[in-house]
Amino acid sequence: MNMTMTQKILAAHAQRDSVRPGELILAKLDLVLANDITAPVAINEFRKAGDGCVFDCQKIALVMDHFTPNKDIKAAEQTKLVRDFAHEKGIEHFYDVGAMGIEHALLPEKGLVVAGDLVIGADSHTCTYGALGAFSTGVGSTDMAFGMATGKAWFKTPSAIKFNLRGKLPKWVSGKDVILHIIGLIGVDGALYQSMEFGGDGVASLSIDDRLCICNMAIEAGGKNGIFPVDQVTLKYIAEHSTRQPVIHAADAGAEYERVFDIDLASLRSTVAFPHLPSNTKTFDQIPSIPIDQVVIGSCTNGRLSDLAVAAELLKGRKVNPRVRTIIIPATQKIYLDAVHQGLVDIFINAGCAVSTPTCGPCLGGHMGILAKGERAVATTNRNFVGRMGHPESEVYLASPAVAAASALTGVITDPTTI
Amino acid sequence: MKITGKVIRYGDNVDTDVIIPARHLNTSDPKELAAHCMEDLDPDFVKKVQPGDIIVAGKNFGCGSSREHAPIAIKASGIACVVAKSFARIFYRNAINTGLPIVEYDGDIRDGDLLDIDFANGVIRNHRDNTQGRFTPFPEFLQKIITAGGLFKAKEIMQ
């Protein structure tokens, strides 16, 4: 039976020769993830169910990234609950303030995910690791708790949509524009229950950071996962970050896809998702002059070093518009340190930006940049739902780091090619 | 299982940020979460919801975050079932795992309608016009989880 890349990874982890779309399977997990919001619910479930040993203290990652450094007393209590559990159970990959980063930037950087892995995380953006040729998907806290206890999870085998990428992205256009373009094309439920499998000659030109960003937002199209084929770029990244051996699965030539889209990367332009859906995308020929109050550059989608470097290229030697609060959040401690060493932090501070320790904070309206009623932000984050970054009558425009930096300079949503 | 309840109607793409805004996720207490359920979509929800009411929505209900706080808040607010044209996949899993009944169904249902839902036979009856519709009950594997009372209680079945 011909299988997609996702189906092959699922079959291998269910110890089966093959799986068919729609089939329910129980599969072995290589890594189980949760954060400071979802882990407390999982830990309560785990304790209620007998509070035994975890299945493998080296295959669980607990990352305190959402409301940390703790934003209030309740958040501090939640984090403490996770910290105590991690120490009690001897969880090896527990990342607290000072060591933590935003989970989906941190795990690849620490080499905890390699090609061929099956990963679940109690965070919807767990689909990010498909960039490394792994199957990874978001689940809830009960699934996470069950995974922590048994090392297994149930899955409905997904069918797939294929995206053939060709050509090369123009200057200032990035992985973020690719995925926003795709979400605009198929809608926020366009890939519901399905895997989004990327391929084609254009893949080779995409950096791992671009691929991570593209897979990260597969969930915004309703996808179960996003996944890229393993190539030299992937293997080089894994060799540089992990001591584990990747397992390469490739889609069969006769694999079936419910739909196939051809995307010419060279034809893509900077794309902005208007409130209040990630699918509400526009390119600059359709965007009027829209004044903004805040810019956020960061998150699991776009807080990596290459994202900060693009922003710095535009901000270097310039000042942000005094009406725009510009908040830059390196996604991990390593990215932060690299940004300091490369002089990016100097550029940001001299331009009038605030630079923060890693946190998911403003992306989900937690802390570190909440919007007031009627305010607008351009953010490199992943969701622009009602009230996502603060007041229910505030607005979030999703965009690439280049668009965000250009907009910070002018005070209106701006095409970076005009700077 | 059979239920009868009054409909609270919403549209497409009801996301987890409006079901329970992240600013309230610094707790996992079901009662506290229920006090803010649907706050950013329908500030009157908490005042009007009665135990046994049914939420009916369009496509892609529960899209967005993986927060299990969303089905927990809905369940704790007294909602007996969520009926939608389709569900976002993580919400679908979370509802099953936390014991919030959900039904995939697309029909002419309006705010304030009174519905009978027969889960075993997959039948919805609308009192307003006395019409009846069918939905597909869960596959056996998921029925086992639901019947057992949640994922952990079904642990032996799943080994």
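Numbered from 1 within each chain, the chains take letters A, B, ... in sequence-line order. What's counted below: heavy atoms across the whole structure, side chains too, no hydrogens, waters or symmetry copies.
Side-chain contact check for A:T142 and B:E68: at least one donor-acceptor pair (N or O, by modelled atom type) lies under 3.5 Å. For the residue pair A:T137 / B:R89, a side-chain donor-acceptor distance below 3.5 Å is found, with atom types taken as modelled. Looking only at atom types and distance, the side chain of A:D72 has a donor-acceptor partner in the side chain of B:N26 under 3.5 Å away.
Atom-to-atom distance recorded for B:F87:CZ and A:D189:CG is 13.0 Å, nearest 0.5 angstrom. Between the CG atom of A:L277 and the CG atom of B:D15 there is a distance of 8.0 Å, given to the nearest 0.5 Å. Note that OG of A:S124 is 8.0 Å distant from CZ of B:R67, once rounded to the nearest 0.5 Å. Here the CH2-CG distance, from A:W154 to B:L151, works out to 8.0 Å after rounding to the nearest 0.5 Å. Rounding to the nearest 0.5 Å gives a distance of 10.0 Å between CD of A:E45 and OG of B:S28.
Between A:V41 and B:I72, the closest side-chain pair of non-hydrogen atoms falls below 4.5 Å. In this structure, B:S65 and A:L364 have side chains that are not in contact, with every pair of non-hydrogen atoms separated by 4.5 Å or more. A 4.5 Å side-chain heavy-atom check between B:D17 and A:R383 finds at least one atom pair inside the cut-off. You'll find the side chain of B:L25 reaches within 4.5 Å of the side chain of A:F67, heavy atoms only. B:N60 has its side chain within reach of A:V188: a pair of non-hydrogen atoms, C-beta onward, lies under 4.5 Å apart.
A:R83 meets the salt bridge (Lys or Arg N to Asp or Glu O under 4.0 Å) test with A:D96; sequence neighbours excluded.
For A:L192, the part lying under 4.5 angstrom from a heavy atom of chain B is the side chain only.
Ranked by heavy-atom pairs shorter than 4.5 Å toward chain B, the options A:V386, A:V139, A:I219 are led by A:V139. Comparing A:H276, A:E393, A:K74 by heavy-atom pairs within less than 4.5 Å of chain B, the highest count is held by A:K74. When each of B:P21, B:C63, B:A70, B:G64 is checked for heavy-atom pairs under 4.5 Å with chain A, B:G64 comes out on top.
Here B:R93 pairs with A:D143 in a salt bridge; the nearest charged N to carboxylate O distance falls below 4.0 Å.
Using a distance-only test at 3.5 Å, with no hydrogens or angles considered, a donor-acceptor pair links the side chain of B:N94 to the main chain of A:G140.
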